[in-house]
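Data first, discussion second: the structure below is written as structure tokens.
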Amino acid sequence: MCVKSDRFGNTVRNYYNTNQRQSVPLDPSNVSIGFSNIKVSLVDKSLECSFVRLKSLPSVSNYFDLNENRSFYLLTAFGRVDATGVIQY
């Protein structure tokens, strides 16, 4: 999740979806785990994010391994960030 916030800072957070269709932080103590070179900006009223993501992180359960040959989806959403930093869409 890409976040630009005065309260929470500019960052990309790593979440995963449970079977209950809920987004859960991959590591609550390090919400940007697996990401580097994070850049967040607001350009013409649009939020732009770029980052580098590790393909795999074997020490972290639920970290989606991009080295495996399987399909995946990149989810996008639009909305305001609530008081806890979660996007409401």
Residues two or more places apart in sequence or in another chain: which of them pass side chain to side chain donor-acceptor pair (under 3.5 Å) with S32? T11

Any donor-acceptor pair under 3.5 Å linking the side chain of D65 with the backbone of S56? no

Which Ile, Leu, Val, Met, Phe, Trp or Tyr residues join V52 in one cluster when any pair of side-chain heavy atoms under 4.5 Å counts as a link? none

Taking atom CG of D44 as the centre, report whether more than 12 heavy atoms of other residues, nucleotides or ligands fall under 6.0 Å from it. no

For F35, the rest of its hydrophobic cluster, which grows through side-chain links under 4.5 angstrom: V12, I38, V40, L47, F51

Closest non-hydrogen atom pair, R53 against F64: NH2-O, 2.7 Å

Are any non-hydrogen side-chain atoms of N62 and L26 less than 4.5 angstrom apart? yes

From OG (S36) to CG (L54), nearest 0.5 Å: 6.5 Å

Tell me the closest heavy-atom pair linking N14 and Y63, and the distance in Å. ND2-CE1, 3.4 Å

Kindly indicate whether the side chain of Y15, heavy atoms from C-beta on, has any atom under 4.5 Å from the side chain of V31. no

Y16 and I33: same hydrophobic cluster, using ILVMFWY side-chain contacts below 4.5 Å? yes

